Amino acid sequence: QVQLVESGGGLVQAGGSLRLACVVSGRTFTDYAMGWFRQAPGKEREFVAAISWSGGSTYYPDSVKGRFTISRDNAKNTVYLQMNSLRPEDTAVYYCAARRGRSFYINPLSYDHWGQGTQVTVSS
């Protein structure tokens, strides 16, 4: 059984930075492409970033491109989300997700396993 555990959320002022981490256990980490999603109250879950199994390919929506960076350390079974220049509209619960296969997708329905989420709050 695959388990994902996120950490690193918190309260930060606008313009600040946070680094989220997600540790994956239970299966071979390199069997999975990884993604980060977020969900704000009253809104649908939104794609934030994705990375292929090797880390060689990444993808971001325009809303975070240039501010967020996804990376993975396959030796540590961990995927990261570095978030810079944070804005109040980035406030949400952030989830990491794993999709079995080498390619990533932006549709949350394509992911097989999810973490419990970590709250990120950006104050103005």
Side-chain angles (χ1 to χ4, degrees):
Q1 182 176 352
V2 178
Q3 291 186 321
L4 290 72
V5 179
E6 301 102 333
S7 62
L11 173 64
V12 64
Q13 288 189 330
S17 298
L18 282 174
R19 187 193 196 202
L20 306 184
C22 173
V23 179
V24 180
S25 61
R27 288 288 189 271
T28 303
F29 186 53
T30 51
D31 284 347
Y32 293 88
M34 300 297 297
W36 284 97
F37 295 80
R38 66 187 180 188
Q39 189 164 18
K43 295 188 176 181
E44 293 186 351
R45 192 162 294 191
E46 177 190 12
F47 168 72
V48 174
I51 190 166
S52 62
W53 71 278
S54 66
S57 297
T58 58
Y59 186 75
Y60 308 90
D62 289 343
S63 58
V64 307
K65 193 176 295 182
R67 301 189 297 123
F68 290 12
T69 302
I70 188 171
S71 62
R72 64 190 294 162
D73 185 336
N74 287 342
K76 296 183 178 180
N77 288 4
T78 303
V79 61
Y80 303 96
L81 184 68
Q82 177 67 44
M83 304 185 295
N84 299 328
S85 303
L86 283 162
R87 305 167 180 169
E89 55 264 38
D90 294 319
T91 295
V93 178
Y94 282 70
Y95 299 89
C96 71
R99 180 187 182 279
R100 190 172 179 87
R102 297 194 163 190
S103 300
F104 54 76
Y105 288 78
I106 65 173
N107 187 337
L109 296 177
S110 298
Y111 287 78
D112 305 303
H113 308 283
W114 292 82
Q116 82 288 352
T118 185
Q119 177 70 47
V120 171
T121 302
V122 184
S123 63
S124 58

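Just so it is clear, the structure is predicted and the values come from calculations on it, not from any experiment.
- To the nearest 0.5 Å, atom CZ of residue F37 and atom CG of residue N107 are 7.5 Å apart.
- Looking at residues two or more places apart in sequence or on another chain, you find a side-chain contact (heavy atoms from CB on, under 4.5 Å) between S71 and Y80.
- Every residue meeting the salt bridge (Lys or Arg N to Asp or Glu O under 4.0 Å) condition with K65, not counting sequence neighbours, appears here in chain and number order: D62.
- For V48 against V64, the heavy-atom pair with the smallest separation is O-CG2, 3.3 Å.
- Atoms CH2 and CD1, from W36 and I51 in turn, are 11.5 Å apart once rounded to the nearest 0.5 Å.
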Evaluate the criterion side chain to side chain contact (heavy atoms under 4.5 Å, CB included) for residue pair V24 and H113; output intermediate values, then yes/no.
-> CA-CA 10 Å; V24 180; H113 308 283; over 6 Å; no
List the steps, then state whether side chain to side chain contact (heavy atoms under 4.5 Å, CB included) holds for L11 with Q119.
-> CA-CA 8 Å; L11 173 64; Q119 177 70 47; over 6 Å; no
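- Connection of Y32 to Y111 is not established within any shared hydrophobic cluster, with ILVMFWY side chains joined at heavy-atom distances below 4.5 Å, either directly or through further cluster members.
- Residues meeting the salt bridge (Lys or Arg N to Asp or Glu O under 4.0 Å) test with E46, sequence neighbours left out: R38.
- Other residues, nucleotides and ligands place no more than 12 heavy atoms under 6.0 Å from the OH atom of Y59.
- For the atom pair R45 CZ and L109 CG, the distance stands at 10.0 Å (nearest 0.5 Å).
- Shown here are the side-chain contact (heavy atoms from CB on, under 4.5 Å) partners of V120, two or more places apart in sequence or in another chain: L18, L20, M83, Y94, V122.
- One hydrophobic cluster holds both L81 and F29 under the rule that ILVMFWY side chains link at heavy-atom gaps under 4.5 Å.
- Closest approach of A14 and P88 over heavy atoms only: CB-CD, 4.1 Å.
- For R72 (side chain) and A33 (main-chain N/O), no donor-acceptor pair under 3.5 Å exists by modelled atom type.
- Heavy-atom minimum distance, T78 versus A21: CG2-CB, 4.2 Å.
- In this structure a side-chain-to-backbone donor-acceptor pair under 3.5 Å is missing from T58 to I70.
- V79 and F47 fall into different hydrophobic clusters, where Ile, Leu, Val, Met, Phe, Trp and Tyr are joined by side-chain heavy atoms under 4.5 Å apart, directly or via other members.
- For the atom pair R27 CZ and N77 CG, the distance stands at 13.0 Å (nearest 0.5 Å).
- Residues meeting the salt bridge (Lys or Arg N to Asp or Glu O under 4.0 Å) test with R67, sequence neighbours left out: D90.
- Note on V12 and F68: same hydrophobic cluster, where clusters join Ile, Leu, Val, Met, Phe, Trp and Tyr whose side-chain heavy atoms are under 4.5 Å apart, directly or indirectly.
- Remark: side-chain polar atoms of E6 are paired, donor with acceptor, to backbone N or O of Q116 under 3.5 angstrom.
- Interatomic distance, CD of Q13 versus OG of S124, reported as 9.5 Å (0.5 Å rounding).
- Nearest heavy-atom pair, S17 versus S85, reported as atom, atom and distance to 0.1 Å: OG-N, 4.4 Å.
- Heavy atoms only, all atoms of each residue included: S63 and R87 are closest at O-NH1, 4.0 Å.
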Give every donor-acceptor pair under 3.5 Å between a side-chain atom in residues 95-105 and any protein atom, sequence neighbours left out.
unit_1: R99; atom_1: NE; unit_2: S110; atom_2: O; d: 3.4
unit_1: R99; atom_1: NH1; unit_2: S103; atom_2: O; d: 3.4

